[in-house]
Student: 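Here it is, the structure, as structure tokens.
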Amino acid sequence: APVSLLSRFRGALVAAVLGDCVGGEFEGAEDVPLDRVLQHLSGLEDETRGDGILQYSDDTAMMRCVAQSLLTRMGFDEQDMARSFAKEYSLAPGRGYGSGVIQVLRKLASPQLSDVFQPARAQFGGRGSFGNGGAMRAAPFALAFRSAADVSRYARFGAMLTHSCSLGYNGAVLQALAVHLSLQGDLALPQKFISKLISEMEEVENDETSRSDAKVLNLAEFPYCARLHRVKELMEQNSVSIEEVISELGNGIAALESVPTAIFCVLHCLEPREGLPERYGGLERTIAYSLALGGDTDTIACMAGAIAGAHYGISAIPQSWLKSCEGAEEAEHLAERLYKLYNITQSEE
Ligand code: R7I
Ligand code: MG
Ligand code: MG
């Protein structure tokens, strides 16, 4: 049966939270054998296990702030979103935030602050963070705006509240665009999906700041486009090892080393893969595969989860997984409210 848009909305936010919650187990691990991943995931199906629910981290905490701010302001309001991040951090500072971003979140709490983008600009000697913290929370922008142009624009501003380096906010733009295309059903044609992302990013990276940041950081020109071309090449290969994925795309905390990787995880798992249980559907495969890469597993699984959830819809998510993760039901509710907002803005156009 075709997947409804509402089901895609719910799938996107819920699977993002699941990725964060189940990925936390392996964050920072270098070698994650697939056996351990599958064992961890089958533990979710065991109702007798007494270890309670898996807690979400900063990825989900900040994504909830984005969704809530977009809902209450009925669009993007940088002051409100900044305040929301600061408040969330002050209430629950122990969610595993990046070590740099906490300085920004503390400054954003100051009532005297007039330019909410300023604290982010002061990071890392004035160049700003290239971490994946902007990208990990970008999915709700694709559920709030209808055009690719608006999704890009607001995902970029939303990320710039903490990540002022172009590598940081362009990663957020790429993640939001991937969710946007997936919501439209574009993953039915994977080659076309990746080609569309490449052409969008050619425009995004063709500005002075992005070009000079790439140079200063000693990266290839159009760094995201270059990685997406590698994704395309890996897709065309008969078999791809985990080691190859890590060396070609990365699995790190930098947006450049994790957003294209998350996109690859989704594309790679559209088909059954050796080593992954046959009973798994595409969404379960995507999450399991993301964890098996090691590195920044909560964030890569969170981003891959959002893209995959937008493709497969909410019914692809096992109930036992949903019940095992903190904030999953709340994410479903936020997705339903964003769906309503999305349809209101349609009727006004
Ligand atoms: O990007 P950010 O919010 O971190 C997100 C990650 C996710 O994996 C979460 O799950 C959580 O674990 O953290 O936080 P930042 O502090 O802005 O960036 C994360 C890290 O990237 C920093 O602590 C630095 O180690 C590194 N980093 C940089 N290092 C050198 N120069 C980011 N930008 C720079 C830089 O410009
Ligand atoms: Mg985290
Ligand atoms: Mg992480």
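As the structure lists them, so they are numbered: ligands from 1, and atoms in each ligand from 1. It should be emphasised that the depicted structure is a prediction, and the values quoted were computed from it without experimental measurement. All heavy atoms count here, side chains included; hydrogens, waters and symmetry mates do not.
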Student: Has Ser57 got an N, O or S atom lying less than 2.8 Å from the Mg ion (ligand 3)?
Tutor: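 Here the distance criterion (N, O or S atom, under 2.8 Å) is not met by Ser57, so no.
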Student: Return a yes/no value for Val101: is any of its N or O atoms, backbone included, closer than 3.5 angstrom to an N or O of ligand 1?
Tutor: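 Right, the criterion is met.
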Student: Does the distance from a Lys or Arg side-chain N to an Asp or Glu carboxylate O, for Glu329 and Lys323, drop under 4.0 Å?
Tutor: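 Looking at Glu329 and Lys323, the cut-off is met.
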Student: Cation-pi check for Tyr56 against Arg95: NZ or CZ below 6.0 Å from the six-membered ring centre and within 45 degrees of the axis, yes or no?
Tutor: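 Yes, a cation-pi geometry.
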Student: Does ligand 1 have any atom that is closer than 4.0 Å to a heavy atom of Glu27?
Tutor: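 For ligand 1, residue contact (heavy atoms, under 4.0 Å) with Glu27 is present.
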Student: Is there any N or O on Ser57 that sits under 3.5 Å from an N or O of ligand 1?
Tutor: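 No, Ser57 has no N/O under 3.5 Å of an N/O on ligand 1.
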Student: What I want to know is whether Tyr97 and ligand 1 share at least one N or O pair that is separated by under 3.5 angstrom.
Tutor: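 It does not: no N or O of Tyr97 is found under 3.5 Å from an N or O of ligand 1.
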Student: Which of the numbered atoms in ligand 1 are below 4.0 angstrom from a heavy atom of Arg127?
Tutor: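 Ligand 1 atoms under the 4.0 Å threshold to Arg127: 31 (N), 35 (C), 36 (O).
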Student: For the side chain to side chain contact (heavy atoms under 4.5 Å, CB included) test, which of Met81, Lys87, Glu88 pairs with Phe85?
Tutor: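 Exactly one pass, corresponding to Met81.
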Student: My understanding is that only residues two or more places apart in sequence, or in another chain, count here; which of them pass side chain to side chain contact (heavy atoms under 4.5 Å, CB included) with Gln103?
Tutor: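 With sequence neighbours excluded, Gln103 shows a side chain to side chain contact (heavy atoms under 4.5 Å, CB included) to Gln123, given in chain and number order.
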Student: Can you check whether Leu334 reaches Phe9 side chain to side chain, under 4.5 Å on heavy atoms?
Tutor: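 With C-beta onward as the side chain, the pair stays apart.
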Student: Compute whether any side-chain donor of one residue and acceptor of the other, for Ser258 and Asp296, lie under 3.5 angstrom apart.
Tutor: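 No, Asp296 and Ser258 have no side-chain donor paired with an acceptor closer than 3.5 Å.
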Student: Does ligand 1 have an atom under 4.0 Å from some heavy atom of Cys165?
Tutor: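 Cys165 does not count as a contact of ligand 1 under the 4.0 Å cut-off.
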Student: Is it the case that over 12 heavy atoms from other parts of the model lie below 6.0 angstrom from the CD atom of Glu236?
Tutor: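 Atom CD in Glu236 is packed in, count exceeds 12.
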Student: Can you tell me if Ser84 and Arg73 form a side-chain donor-acceptor pair at under 3.5 Å?
Tutor: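 No donor-acceptor contact under 3.5 Å links the two side chains.
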Student: Less than 3.5 Å between some nitrogen or oxygen of Gly96 and one of ligand 1, yes or no?
Tutor: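 Between Gly96 and ligand 1, an N or O pair is found under 3.5 Å apart.
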Student: When you measure from atom 16 (O) of ligand 1 to each heavy atom in Ala254, Ala135, Gly100, Gly24, which option holds the nearest one?
Tutor: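 Nearest heavy atom to atom 16 (O) of ligand 1 lies in Gly100.
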Student: Show the atoms of ligand 1 that are less than 4.0 angstrom away from any heavy atom in His163.
Tutor: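 So the answer, numbered in order with elements, is 1 (O), 2 (P), 3 (O), 17 (O).
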Student: Please tell me if atom 33 (N) of ligand 1 is touched by the protein, where touching means a protein heavy-atom distance below 4.0 Å.
Tutor: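 There is a protein heavy atom less than 4.0 Å from atom 33 (N) of ligand 1.
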Student: Considering distance alone, does some N or O of Phe130 sit under 3.5 Å from an N or O of ligand 1?
Tutor: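 Between Phe130 and ligand 1 (N or O atoms, distance only) the closest approach is under 3.5 Å.
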Student: With the Mg ion (ligand 3) at the centre, find the angle made by OD1 from Asp296 and OD1 from Asp298, to 10°.
Tutor: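 Nearest ten degrees: 90°.
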Student: Tell me, please, if Glu27 has any N/O/S atom, main chain or side chain, under 2.8 Å from the Mg ion (ligand 2)?
Tutor: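 Not a single backbone or side-chain N, O or S atom of Glu27 is under 2.8 Å from the Mg ion (ligand 2).
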Student: Among Ser258, Gly98, Ser129, which one puts a heavy atom closest to atom 18 (O) of ligand 1?
Tutor: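 Nearest option to atom 18 (O) of ligand 1, by heavy atoms: Ser129.
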Student: Quick check: does any side chain N or O of Glu257 sit under 3.5 Å from a backbone N or O of Ala254, one acting as donor and the other as acceptor?
Tutor: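 Answer holds: no.
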Student: Considering only heavy atoms of Asp59, which atoms of ligand 1 have at least one such atom less than 4.0 Å away?
Tutor: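 That gives atoms 9 (C), 10 (O) of ligand 1.
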Student: Any nitrogen or oxygen of Gly133, main chain or side chain, under 3.5 Å from a nitrogen or oxygen of ligand 1?
Tutor: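 Between Gly133 and ligand 1 (N or O atoms, distance only) the closest approach is under 3.5 Å.
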Student: Between the Mg ion (ligand 2) and Asp20, is there an N, O or S atom separated by less than 2.8 Å?
Tutor: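 No.
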Student: Distance only, no hydrogens: is a donor on one side chain within 3.5 Å (strictly under) of an acceptor on the other, for Asn251 and Thr261?
Tutor: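 Absent: no donor and acceptor within the cut-off.
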